[in-house]
Structures are given as C-alpha cells and as structure tokens.
Amino acid sequence: MSVVTRFAPSPTGFMHVGGVRTALFAWLYARKHGGTFILRIEDTDKAREVAGSIDHIIESLHWLGIEWNEGPDVGGPHAPYLQSDRLETYKKYALELLEKGYAYPDPFTEAEVEVWRKQAEAEKRPFLYREHRPASLSTTWDGTVPLRFKVPEVKRYEWQDMTRGTLTAGEEALDDFILIKSDGYPTYNFAHVIDDLLMNVTHIVRGQEFISSTPKFLSLYDALGITPPAFATVPPILGEEGTKKLGKRDGAKDILEYREEGYLPEAMMNFLALLGWHPTETHAEGAEEVLSKDALIEAFDLARVQKGGARFDEEKLLYLNREWLRTLSDDDYIARGGLDASDPKIRKAIHLLKDRAATFGEARAMLAGELRCLFEAPSVDRALLVQKEPADTDSFTKTALTDLSAIIEKLPEEPAIEAVKGAVMPYADEKGRGPVLWPLRYALSGAERSPDPFTLVSILGKGESLTRIEKALAIL
C-alpha cells in the first residue's frame, strides 16, 4: 500500500511551531516511504478565518522546505483542496447517511440545547445530545437547520495508535454531533473524514487533542462502512519551563518570525524534527543532532516518536542554527544573510560572525555594534588607552604603540592573522602582554570589547591600522 499523508490546517491565523511540527512529521513519513504528501486547507469555519492565512501557510511551509504533491496551489487528482470548494461533496455523503438512518435534521433550538447543557453541568455529568434525541426522526432535510449524525451503536471503542499503542474510550465519548451546519458548511468532525476517504489518506499524523474525539470519528467510519486510516499522535510542544503546552497565548511565535530574526530553515527543520522524536533507539547525550533534510528522511520512524511532551528549548535552537550557519560558504553566508557583498571587510569578518553569531540577526547586530570599528574610524579616550600602563613607568603606552607601528609597517598590505600574531607576540611577550596588546586593540577599535588586535589588523589592513595607531599616539 502506498503511503499517503496530509496536513490540513485551518486558516485562522499565523502558523506556529506546533502546527508546523505536525506537518513536518507527516511529510517526513511520506517521504521516507516514497509516498504522497497532501496540503489541504480546512476553511469551513468562516467566522474564525483570517484574511491572508492561506498564503501565509503556504509561504511558511515553503520556507521550511516542506513541499507537497497535491494542494491548492499545485492541484492534483483529488482537487479542489479547499474545503469551502467541496460543499457539494459533503452534502452528497450527508444525504447518504440520512438515507441510511445515520443522520437527522436537528429539531431543537440553541436555547433548548443550552437548558439541557446547564442541567447536565449542575448535575456534574457530561452533556450528551443523543440522550435528548427525539423518538421520531425526520428523513427529509432542506438545509435550513443543522444535520446531525446519529451514532450507529453506543459502545466502547478500542484502536491502535502508531505512537501511543492501544487506546480506548467508552460510551461517554460518543454523541450525535453536527455534520453540516445551517450555513451549509460541514463541521471538522465530518469533513475531514470524507476528505481523507476520497484522497486515499493512509496515515493521519495529529496532535493529542484529537484523541478524545476519535470514538466519534470511528463511529462515523462505521456508518460509512469504511476502514479508518492509521493514526499517529504526536506529543504536545511545551514551553521553556516544560509545564504547559506552548500556544499562541503563551508566546508561540509565527514561524516566519524566525526567518526575519535570521534563522536558517535547515536549522528550524532540524530543531522541529527533534521535538518529540529521536533518530536512534538510544539517543545518548552528545549523539549527532545536526541532521540534514535527507538524513531526517532516512532516519524518521513514527515508532520513535515519544509519548510525553517536548520542551521548546530556545538555546538548543540557537545552537543548531549556529552550527548550520557554520556550514555555509562565505558567499552563501553573505547572500542569505543579506550582507553587503561589495565590502571586502565583511568578507574578511565572516569567520568572526560564524564564531560568535547564532543567527543572521545577531550577525547584523554585531556589524552595527562591536564590529562597527571595521567600517569607520573610532574615537579614542586617553584614559582608556593608558588604563593598563604599568605603574611607575613613563610613557610606556606611547613607546609600545610607536614600536608596534614599526613592527606592523613591515607587514604586507593585507596581512594574514597568523602573520600579524607572529610579528607582534614576541614584542608583547617581552614587554608584557596586557600593557602591549590592550592599547593596540583599543587604538584600532575604540571599544572595550572587540576582536583581538591580530584580527583587527588583518581585516583593516596595514595602512588603516597604522593611521589609527598614529591618531592614538597624537592623543598621547
């Protein structure tokens, strides 16, 4: 049997990590087995739909590197892929259920239902609509009232979950839910079952919030006389504290915010894949965690998806992103980071950015902050320039800078870091590293925190370095 998975988000706002991780697991499973991955948009709740959300969903998945075989923007044999364009299909199956005696027009008003609901709440028992089902059910439906599903058999259900094992639920989980609302749109409970059937979906990867509704789905499968797909429940993503599910109200960010902050999609995919899944049976501390898309596909196995929640660890995300940034060539780093390719100093500073910046956002902040001295001459404060001058010495800093100027003068115009270090360090070892290297670094950078003086001379070049040393000497 060919594997077919799907991701079916509702366009009710931005995509956050929970939804994207579900899409990723479904996509990885399909790709691992050479199957089909479908993007379907479940847009039947028009009251909650947010304009632009569909485009945002597509852009988010494209950025991450998740592509689909069938979907609203690429078409496919089971089009259309927007549920709002499939209303006649749902009506057809709803009428089939009505004809079989598994559906009925809802004869009650919302006010009547609310009375029963409050009564059940007062009696501290679950409200079940089927307990108020009228004895005589109409077999005609004109679409002006909701159409409800009639549970074929009130029984205990047991099913297998690929990640959770055997799950079971009793009669309290079964009820006469709405199939099609009075506005003509189907409910999620009904529409996704029909779509999965018609699109030949074999495996459903979903969040644990759907476990409690599974008996309803199973009773609908029974009524339709079809075999359910396989279910695979993924664990929730927890906040940094690891105590509650990470949601939009708890600071879960739009996935595209990470793009704006300078994260690589390769790193984000890598990170999300490891949220609730591990690539080996014994994923020991220190095991390989920097995994490419191809490596993730090859290793992915739903059997190794964990049951418990997965903590969203920002530090781990930063670590993975830094590691991925380090794999980029200098040209790729500049292009993908949006840096100025025409400035040779930026190219020379790439190794500093790779060593220190975890995101492109941090890299840009470094260039505007501690590395600003590479692009414009600094102001130098005399007190800071001589702050490490040995006590009881007369003009030590001035002498040191004069001697260092002569040493640097003998270097090539664009010296390598090791060449600068090899020329300067013997003098620093002889006179004292702190009193020699501090004023050199400060004269070049004008900052208390900056790269080491050897790196600065290498990036600035001999001419600019000597000019800055001369300005510092003039202050002394």
Side-chain angles (χ1 to χ4, degrees), residues 10-13 18 42-50 83 87 90-91 93-95 97-98 100-159 167-194 206-223 233 236 243-250 252:
S10 298
T12 55
E42 300 191 340
D43 61 336
T44 58
D45 191 346
K46 291 301 180 182
R48 296 178 60 229
E49 185 170 337
V50 176
Q83 286 188 332
L87 300 186
Y90 308 129
K91 184 178 180 181
Y93 278 88
L95 292 175
L97 289 169
L98 182 64
K100 290 181 177 180
Y102 294 136
Y104 59 94
D106 191 335
F108 302 113
T109 65
E110 290 185 12
E112 289 175 302
V113 175
E114 186 60 25
V115 170
W116 297 331
R117 194 183 304 278
K118 288 182 177 179
Q119 182 180 351
E121 184 178 334
E123 296 173 0
K124 297 183 178 180
R125 59 180 177 80
F127 168 70
L128 293 173
Y129 190 97
R130 60 180 168 81
E131 293 179 348
H132 303 277
R133 183 194 303 158
S136 177
L137 301 178
S138 173
T139 57
T140 60
W141 174 61
D142 61 6
T144 60
V145 297
L147 186 70
R148 281 192 180 268
F149 177 61
K150 179 185 176 184
V151 176
E153 181 182 1
V154 178
K155 63 178 182 179
R156 189 168 193 84
Y157 273 98
E158 181 178 288
W159 68 96
L167 297 176
T168 183
E171 295 84 346
E172 72 283 351
L174 293 174
D175 203 9
D176 290 0
F177 59 87
I178 293 176
L179 297 171
I180 296 183
K181 298 171 288 184
S182 58
D183 62 4
Y185 284 93
T187 61
Y188 167 80
N189 291 339
F190 179 49
H192 88 276
V193 169
I194 300 304
R206 60 186 188 169
Q208 70 174 17
E209 64 270 19
F210 293 103
I211 291 178
S212 62
S213 299
T214 301
K216 294 180 183 179
F217 308 152
L218 294 175
S219 65
L220 181 55
Y221 287 122
D222 284 347
T233 302
T243 56
K244 60 181 295 189
K245 182 178 177 180
L246 180 67
K248 294 181 181 180
R249 295 179 181 178
D250 305 301

pair [X]-[Y]: side-chain heavy atoms closer than 4.5 Å:
X    : Y    : value
K150 : L137 : yes
L87  : P186 : yes
I211 : T233 : yes
Q208 : K245 : no

Pair L147-L98, side chain to side chain contact (heavy atoms under 4.5 Å, CB included): steps then yes or no: CA-CA 9 Å; L147 186 70; L98 182 64; 4.2 Å; yes
From [atom1] ([X]) to [atom2] ([Y]), nearest 0.5 Å:
X    : Y    : atom1 : atom2 : answer
R130 : H132 : CZ    : NE2   : 10.5 Å
W159 : Y221 : CH2   : OH    : 12.5 Å
L220 : Y102 : CG    : OH    : 11.5 Å
Q83  : Y188 : CD    : OH    : 9.0 Å

For [X] versus [Y], what's the shortest heavy-atom pair and its separation?
X    : Y    : result
L174 : K155 : CD1-O, 3.3 Å
A94  : F190 : N-CZ, 3.7 Å
P215 : Y157 : O-CE1, 4.0 Å
P105 : S138 : CD-O, 3.3 Å
E172 : L128 : O-CD2, 3.8 Å
A169 : R156 : O-CG, 3.1 Å

Short N-O contact, E49 and K46, less than 4.0 angstrom: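 Yes.
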Mutual orientation of the aromatic rings belonging to F108 and W116 [parallel < 30°, tilted 30-60°, perpendicular > 60°]: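 Taking W116 first and then F108, their aromatic rings stand perpendicular (interplane angle over 60°).
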Distance-only donor-acceptor check, side chains R206 and T214, under 3.5 Å: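 Yes, because at least one side-chain N or O of R206 sits under 3.5 Å from a partner of the opposite role on T214.
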Exercise: do N189 and T187 side chains pair donor with acceptor under 3.5 Å: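 No donor-acceptor contact under 3.5 Å links the two side chains.
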Side chain S219, main chain K216, donor-acceptor under 3.5 Å: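 Yes; judged by distance alone, with no hydrogens or angles, the pair exists.
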Side-chain donor or acceptor of D175 paired with backbone N/O of Y129 under 3.5 Å: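 Yes: the side chain of D175 pairs with the backbone of Y129.
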In residues 176-183, what donor-acceptor pairs under 3.5 Å come from side-chain atoms, sequence neighbours left out?
{"from": "D176", "atom 1": "OD1", "to": "R133", "atom 2": "NH2", "distance (Å)": "3.0"}
{"from": "D176", "atom 1": "OD1", "to": "V151", "atom 2": "N", "distance (Å)": "3.2"}
{"from": "D176", "atom 1": "OD2", "to": "Y104", "atom 2": "OH", "distance (Å)": "2.8"}
{"from": "D176", "atom 1": "OD2", "to": "R133", "atom 2": "NE", "distance (Å)": "2.7"}
{"from": "D176", "atom 1": "OD2", "to": "R133", "atom 2": "NH2", "distance (Å)": "3.0"}
{"from": "K181", "atom 1": "NZ", "to": "T44", "atom 2": "O", "distance (Å)": "3.3"}
{"from": "D183", "atom 1": "OD1", "to": "Y185", "atom 2": "N", "distance (Å)": "2.9"}

Side chain to side chain contact (heavy atoms under 4.5 Å, CB included), paired with E114, selected from E112, R117, E110: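 Per the side chain to side chain contact (heavy atoms under 4.5 Å, CB included) rule, the option paired with E114 is R117, out of E112, R117, E110.
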Results of side-chain hydrogen bond (donor to acceptor under 3.5 Å, both in side chains) for K100 - residues two or more places apart only: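 For K100 the side-chain hydrogen bond (donor to acceptor under 3.5 Å, both in side chains) partners, ignoring immediate neighbours, are E96.
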